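Reviewing the structure listed below.
Just so you know, residue 1 is the first one in the sequence shown, and it goes up from there. Since the model is a prediction, treat every value here as computed from it, not as a measurement.
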Amino acid sequence: EFLKQFEGHEIVIWGAGMLVPVLLKFNKNIKIKYIVDSNEAMQGGTYQGYNVFSPSALADENKDEIRVIIAPTDYFKYDIAKNLQSMGYSENSYCFLYDFIVLYSYFQHAKLVLPFLDLVIQTVCTLNCKNCLAFIPHSQKHTFRSVEDVKNDIDTIFDSIDHIETFSLSTGEVLLHPNLAEILAHLDTKKGQFANLRFVTNGTVLPKADTLNLLSQYGCKIYISDYSYQIKQKSKIPEVIELFEKHGVKYSYNHSLAGESTIPQWNDFWSFDKPLMRTAEQNTNMYHKCADHSCTVSFGGKIFPCAPACYAIYNDIYKTSSNTEHGNYVLIDSNKLGIVKFFTRATKNGFPEICDQCYGMGPLVNSRLVPAGEQAK
């Protein structure tokens with residue numbers, strides 16, 4: 001039913017982002033009219049062979065004929081949705097690209113293609129952030145998963161899933177894992193089934209030369225989170241960057257956070273005291289607008305709908321029912337259609353049970369803000 005809304009219509013993609021090539025790689029017969037992007041430097045040029053215009057071009061289109069696919073995966077996607085509505089587009093005339101890729105690839109080509117997936121390899125960190133997505137300050141389970149368990153999970157994942165565009169290792173400080181080299185080597189045997197390998201570092205650990213050489217060899221990209229405004233002398237980001245550049249390690253660093261007078265903010269997302277007792281309709285609405293529902297995380301042969309769901313269960317913060325129809329998790333070795341339904345939130349409840357203990361992520365659902373990276377005592 002979702003795909004029928006796009007049949008016979010010209011498609012415009014909003015955002016010349018990293019998922020657009022994924023769409024084109026697996027779905028070569030998509031009829032794309034053009035791409036729009038708010039980056040003025042791209043307007044008037046081409047991307048992936050398509051003309052790029054200002055988003056204002058959509059205002060003059062016939063709203064009944066055009067379908068828009070929103071490419072960004074961060075909070076900005078909701079601003080785009082609001083802009084489309086202000087232009088007169090209905091909710092049935094646009095969708096998010098990660099949903100479209102999963103559905104179109106499966107129903108048109110019988111391929112299970114996921115834009116991204118995280119795999120838990122540990123809950124050990126050098127920091128103790130109060131509002132940690134992995135609940136590290138509230139857990140007694142500060143452990144490294146065994147390399148055998150991690151390798152088994154990797155095998156299960158790639159036995160069932162045809163392609164993952166971005167595969168990530170999490171959480172805590174991944175550079176601390178004593179078997180990281182062996183995990184990377186095993187992932188390298190699956191390199192034809194994923195395009196990008198990444199994880200996040202908080203910039204407090206200086207990797208050894210052999211680790212750096214492996215990160216470079218396997219093409220892993222490291223995202224550096226800057227919490228220097230909170231942890232001060234613990235931060236070693238300049239030294240980390242120097243090592244990455246010396247050894248040819250790909251990295252991304254949002255240096256705009258460093259030295260800002262205003263500390264960046266996170267959502268205060270979790271209700272530890274009690275369930276929030278929202279109605280099913282309220283939970284469904286929140287889940288579909290939550291910015292974290294596209295951050296699927298896996299361990300133990302299961303995929304969970306978001307980071308808090310996975311880590312609350314992994315760290316024994318929350319107990320969930322084993323009824324997979326509720327969308328609390330999906331077994332990776334189940335049929336591919338079951339994973340497609342789970343990933344696109346087409347489950348019996350329309351939301352996982354854990355939503356009733358979470359305020360959600362992002363500006364559309366949660367205005368509760370706290371300083372990012374603030375350390376628990």
Open item on the list: Main chain of S235, side chain of Y227: is a donor-acceptor contact present, judged purely on distance under 3.5 Å?
Closed with: no
Open item on the list: Is there a path of hydrophobic side-chain contacts, each under 4.5 Å between heavy atoms of I/L/V/M/F/W/Y residues, joining L206 to L175?
Closed with: yes
Open item on the list: Checking the side chain of S216 only, and the main-chain atoms of V249 only, is there a donor and an acceptor separated by less than 3.5 Å?
Closed with: no
Task: Residues, nucleotides or ligands: over 12 heavy atoms within 6.0 Å of E239 CD - done: yes
- [ ] State which residue, out of F299, Y318, F343, fulfils the ring pair (Phe, Tyr, Trp, His ring centres under 6.0 Å) condition with F304.
- [x] F299
Open item on the list: Side chains of I80 and P72, heavy atoms from C-beta outward: is any pair under 4.5 Å?
Closed with: yes
Open item on the list: When you measure from the centre of the six-membered ring of Y314, is the NZ or CZ of K141 closer than 6.0 Å and no more than 45° off the axis?
Closed with: yes
TODO: Check I161, D118, L187, L114 against F167 for a side-chain contact (heavy atoms from CB on, under 4.5 Å) and give me the one that passes.
DONE: L187
Open item on the list: I'd like to know if K336 pairs up with D162 as an ion pair, taking the criterion as any Lys NZ or Arg NE/NH1/NH2 lying under 4.0 Å from an Asp or Glu carboxylate oxygen.
Closed with: yes
Open item on the list: Checking N315 against H138: is there a side-chain donor and acceptor pair closer than 3.5 Å?
Closed with: no
- [ ] Find out if a path of hydrophobic residues (ILVMFWY) with successive side-chain heavy-atom gaps under 4.5 Å connects L3 to I101.
- [x] yes
TODO: Would you check if the side chain of T201 reaches a backbone N or O of I224 as a donor-acceptor pair within less than 3.5 Å?
DONE: no
Open item on the list: Quick one, P352 and Y329 - any side-chain contact, counting heavy atoms below 4.5 Å?
Closed with: no
Open item on the list: Salt bridge check, K319 against E353: does any charged N sit closer than 4.0 Å to a carboxylate O?
Closed with: no
Open item on the list: Under a plain distance cut-off of 3.5 Å, with no hydrogens placed, do S228 and D226 share a side-chain donor-acceptor pair?
Closed with: yes
Open item on the list: Please determine whether the number of non-hydrogen atoms from other residues, nucleotides or ligands lying under 6.0 Å from atom NZ of K33 exceeds 12.
Closed with: yes
TODO: State whether E1 and K4 are salt-bridged, where the test is any N-O pair (Lys NZ or Arg NE/NH1/NH2 against Asp/Glu carboxylate O) under 4.0 Å.
DONE: yes
Task: Q375 side chain to G373 backbone, donor-acceptor under 3.5 Å - done: yes
Open item on the list: For T204 and E173, which I'm curious about, is there any donor-acceptor pair between the side chains at under 3.5 Å?
Closed with: no
Open item on the list: Counting C-beta onward and ignoring hydrogens, is there a side-chain heavy-atom pair between F269 and D292 closer than 4.5 Å?
Closed with: no
Task: Side-chain donor or acceptor of N335 paired with backbone N/O of G338 under 3.5 Å - done: yes
Task: Donor + acceptor pair across side chains of S170, S168 (<3.5 Å) - done: no
- [ ] Determine the minimum heavy-atom distance between S334 and I339, stating which atoms define it.
- [x] OG-CG1, 4.0 Å
- [ ] State, to 0.1 Å, how close S225 and V200 come at their nearest heavy-atom pair, and which atoms those are.
- [x] OG-CG1, 3.3 Å
Task: Check: W14 ring centroid to Y94 ring centroid under 6.0 Å - done: no
- [ ] Step through it carefully: locate the ring centre of H163, locate the ring centre of F194, and say whether they are under 6.0 Å apart.
- [x] no
Task: Heavy-atom pair with the smallest gap, counting every atom of F199 and L169 - done: CB-O, 3.2 Å
TODO: Ignoring hydrogens and angles, tell me if any N or O in the side chain of S160 forms a donor-acceptor pair with the backbone of I332 under 3.5 Å.
DONE: yes
Open item on the list: Would you say Q140 and H142 are linked by a side-chain donor-acceptor pair, where the criterion is simply a distance under 3.5 Å?
Closed with: no
Side-chain donor-acceptor distances from residues 358-365 under 3.5 Å, at least two apart:
none

Open item on the list: Are I11 and I69 packed together at the side-chain level, in the sense that at least one heavy-atom pair is separated by less than 4.5 angstrom?
Closed with: yes
Open item on the list: Hydrogens and angles aside, do Y89 and E61 bring a side-chain donor and acceptor to less than 3.5 Å of each other?
Closed with: no
Open item on the list: With a 4.5 Å cut-off on side-chain heavy atoms, are R145 and L119 touching?
Closed with: yes
Task: L117 side chain reached by I303 side chain, heavy atoms, under 4.5 Å - done: yes
Open item on the list: Side chains of T344 and Y98 only: does a donor on one sit below 3.5 Å from an acceptor on the other?
Closed with: no
Open item on the list: Under a 3.5 Å threshold, yes or no: a donor from one side chain and an acceptor from the other, between D316 and S139?
Closed with: no
Task: Salt-bridge criterion met for E10 and K31 (N-O under 4.0 Å) - done: no
Open item on the list: Do V102 and F351 sit in one hydrophobic cluster, given that two such residues count as connected whenever their side-chain heavy atoms are within less than 4.5 Å of each other, even indirectly?
Closed with: no
Open item on the list: Could you check whether F26 and H109 have their ring centres less than 6.0 Å apart?
Closed with: no
Task: N/O donor-acceptor pair under 3.5 Å between Q265 side chain and P371 backbone - done: no
Task: Close side-chain approach of P115 to V22, heavy-atom, < 4.5 Å - done: no
- [ ] For residues N62 and D64, report the shortest heavy-atom separation together with the two atoms involved.
- [x] OD1-N, 2.9 Å
TODO: For the pair K63 (side chain) and A59 (backbone), establish whether a donor and an acceptor sit closer than 3.5 Å, ignoring hydrogens and angles.
DONE: yes
TODO: Treat each ILVMFWY residue as a node, draw an edge where side-chain heavy atoms are under 4.5 Å apart, and state whether L337 and I164 are in one component.
DONE: yes
Open item on the list: Please check: side-chain N/O of N51 versus main-chain N/O of Y34, any donor-acceptor pairing under 3.5 Å?
Closed with: no
Open item on the list: Tell me if the CD atom of E245 is crowded by more than 12 foreign heavy atoms within 6.0 Å.
Closed with: yes
Task: Spacing of T126 atom OG1 and L176 atom CG [to the nearest 0.5 Å] - done: 6.0 Å
TODO: Examine Y229 and V370 and state if one hydrophobic cluster contains both, with Ile, Leu, Val, Met, Phe, Trp and Tyr joined whenever side-chain heavy atoms are less than 4.5 Å apart.
DONE: yes
Open item on the list: Test: salt bridge (Lys or Arg N to Asp or Glu O under 4.0 Å). Region: residues 76-98. Which pairs qualify, not counting sequence neighbours?
Closed with: none
Open item on the list: Between R345 and D99, is there a side-chain heavy-atom distance shorter than 4.5 Å?
Closed with: yes
Task: Over-ring placement of K190 relative to F158, 6.0 Å and 45° cut-offs - done: no
Task: Flag, side chain of Y287 to backbone of C355, donor-acceptor distance under 3.5 Å - done: no
